[in-house]
Structure formats: C-alpha cells, structure tokens
Protein chains: 2
Amino acid sequence: MPDAPQPVAEAPQEGARSRRTYTIGELAKLFEVTPRTIRFYEQEGLLEPERRGQTRIYHDKDRVRLKLTLRGKRLGFSLAEIREVIQLYDHAPDGDERQLRRMLDILADKRAAMQQQLEDIRILQHELDDVESRCQASLQALTRQRAKG
Amino acid sequence: MPDAPQPVAEAPQEGARSRRTYTIGELAKLFEVTPRTIRFYEQEGLLEPERRGQTRIYHDKDRVRLKLTLRGKRLGFSLAEIREVIQLYDHAPDGDERQLRRMLDILADKRAAMQQQLEDIRILQHELDDVESRCQASLQALTRQRAKG
DNA sequence: GGTCTACTTTACGTTAACGTAAACCTGATC
DNA sequence: GATCAGGTTTACGTTAACGTAAAGTAGACC
C-alpha cells in the first residue's frame, strides 16, 4: 500500500534555519525506514550526504530530499522518476534552452499523471463509499435481527 | 510512473446493459495492456473469466474489474491490496458481524491512505509549480538576452 | 487440407527495491 | 584494553509484476 498515514515524522525546527545534522540511524528513525534504504537511495543518486571520514553526515537538504522521495513513493512513482524530479528541482535555472524546454515537458507529464491520480482517487472514494454503506446496512440488519430473536 | 493520462479506453455502451463479451485480445487492446498481464491478473485472483472450451470469455463484470485494477495500480496499490478491495466489493453484504467489522476496518485504512495521497499530491503540485516558474524565468532570461545580443 | 491468426499452457528470464548476512572499523565506556 | 553500539562495504537473496520464448490447439479461409 502507499504506506497509509505516515506518523508525520518531522524534524524539530529550531528557529527558521535548523543547522543540525543527522546520522544515518537518526534519519532512518525519523522517517521509519531502514539505514539500508537510505544507502540504497544514495546509490540511486537521490541523496548525496557529506562524508566525515568513513561515516555519512546528513544535512537538512538531505532530509528534505528523503521526504520528497518518500512522498513520491507513496504516490507510486519509481525511484528513477523521483530522481528526475529532484534533478529538475536542483538544476531548474541552469542549462540551455533545449534543456529547459525538456524540463517543462517532463513537468507537464508529471502534472498530467497527478491529475489522473486525483481523478482515480475521486472515483475510488465513491466506490469505497458504496461498499461501506452496503456493509453498514448488513451490519444493521444483523443487529435488528438479534434484537428480535 | 502511475501511467499518466491513459487513453481513457472504454467500451461502447450500447444502451444501459451492454451484454457483449470480449476475447482476451480485445480486452487487452481496450486497456492497452498485454494478454499476458490479463492472464496474470486472473492467476492472482483478480479476474474470473468464463471458459468456452479452452479459451477465455470476458464479460462486462471482468471489464469493470480490470478497470478497477488498473486504477488501483496507477495509485500505487499492489495487486494483493486491489484484490482485497475487489473482494470487499463483491462480498460486502454477506458474512458475519466479525467479518463485516473487519471490512470496515480495511475500508478505513484504504481511506486513510487515499487521504494521505491527496495531501501528497497537493504538496507535490506546489513543488512542481515552483520548479516550473523558475524554469520559465530562466527561459525568459535567455530570450531577452538573445534579443539584446 | 494447408495455412493463417489468435488463442492456450509451461516455464524460465528480468527489473525494481530493497532485505539479510558476513566481516570490518571506530569512538565511547567500563 | 575488552566490549559494545552504531557505523561501513560487499555480496548474495527475495518479492512483485510481469516479459518472452517454445510448443501445442482450434476455428476461418482459400
């Protein structure tokens, strides 16, 4: 499942600019994923943590990226697609005209997909409404029957 | 990707009750999937076509189920989850109280997931807005520069 | 009756997204 | 200085959702 109501894990915002850093374990706990997952996302080019000696140090930028990544996943995007969006996000203002136009094309695609998703959700919600009301009805029927019997 | 703007393939509705049937190939073309995919969905318990001799015959019920399945996939649900919903859909009114209550629980879960998705889409759309405006800005900058040079 | 075309089963291959296990390093603590 | 928690790399394993190829069948047409 698109990972239902995520515990809305979020970092404490000490003032406007929280300059704190995270170990991989901290970040993992914060978003309820495993360290392995975080390393894998790095390997796939979604994160680029600092290195202090051998160990990774994550900054707010990485935390935001990870958040975006998990949001994308909940919507069924692949990691490759999410990386695409992240690169758009980071390199939007530079590049030549052809690149910029290509970006706008990709953006239009993502938008269309999300529009489709909105529509899909709308329809599915109605269908769930339907099932639920039928469920409630038979439940009440059972209850009435028990009251009589 | 959640399969962007699907060509909104849909069957002709000859009157209210279209009693026509479909071969696997027809159904596949209608929704732009392969026959293999349709057989796989059957194997996973999502479809139950009639058999005429060896070959499968699909009715409107199957078409609706397939449509629901693809909608679920666009939202990132797994086939197992979709099967769960389909079974809810088909067996909502029967079963004892415990089963009905369990159904309502599952329904609540799906609802929560979809609420989360709505929120995710809202946020992502804003982020895409941001990227796009930055894109447009640098594009205009390039154009102005060219006009001068 | 041969030849298409579209169906069928069986079975192995593939890709994405991690899980899991082994073997190692490293700073803190008893 | 041993131990331990938490970090690291390397590498193989696993699951979902199909793709693909081989080999057979069954009706339509020339």
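All values below come from the heavy atoms of this structure, side chains included, with hydrogens, waters and symmetry mates left out. Below, chain A is the first sequence line, B the second, and so on; all start at residue 1. None of these values were measured; they are calculated from a predicted model.
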Between CD of B:Glu84 and C1' of D:dA16 the distance, given in whole Å, is 16 Å
More than 12 foreign heavy atoms under 6.0 Å from CZ of A:Arg51: is that the case here? yes
Is there side-chain contact between B:Ile38 and B:Tyr58, with at least one heavy-atom pair below 4.5 Å? yes
Answer yes or no: is there a donor N or O on one side and an acceptor on the other, between the side chain of B:Glu132 and the main chain of A:Leu107, under 3.5 Å? no
*Is the phosphate of D:dG6, meaning OP1 or OP2, less than 4.0 Å from a side-chain N or O of A:Thr55?*
no
B:Lys73 NZ to C:dA16 P, in whole Å, measures 14 Å
In whole angstroms, the gap separating C1' of D:dT10 from CZ of A:Arg36 amounts to 10 Å
A:Arg39 CZ to C:dC18 P, in whole Å, measures 14 Å
Item checked: Over-ring placement of A:Arg134 relative to B:Tyr89, 6.0 Å and 45° cut-offs -> yes
B:Gln43 atom CD is separated from D:dC18 atom P, nearest whole Å, by 12 Å
field: Linked, directly or transitively: A:Ile123 and B:Leu46 (ILVMFWY side chains, under 4.5 Å)
entry: no
Separation of D:dG7 atom P from A:Ile38 atom CD1, nearest Å, is 10 Å
Contacts of A:Ile57 and B:Thr37 projected onto DNA chain D by closest heavy atom; the upstream (5') one is A:Ile57
From CD of A:Glu42 across to C1' of C:dC18 the rounded distance in Å is 15 Å
Select base, sugar-phosphate, or nothing to describe what B:Arg51 touches, counting heavy atoms under 4.0 Å on all strands. sugar-phosphate
Contacts of B:Ile24 and A:Glu44 projected onto DNA chain C by closest heavy atom; the upstream (5') one is B:Ile24
Checking C:dC18, D:dT9, D:dA17 against the side chain of A:Arg56 (C-beta onward), the nearest is D:dT9
Closest to the side chain of A:Thr34, out of C:dG19, D:dA26, D:dT8, is C:dG19
Here the distance between atom P of D:dT15 and atom CG of B:Leu79, to the nearest Å, is 16 Å
### Task
Check whether any side-chain N or O of B:Ser78 sits under 4.0 Å from OP1 or OP2 of D:dA16, and answer yes or no.
no
Next item on the list: Considering just the side-chain nitrogens and oxygens of B:Tyr41, establish if one lies under 4.0 Å of OP1 or OP2 belonging to D:dC18.
Entry: yes
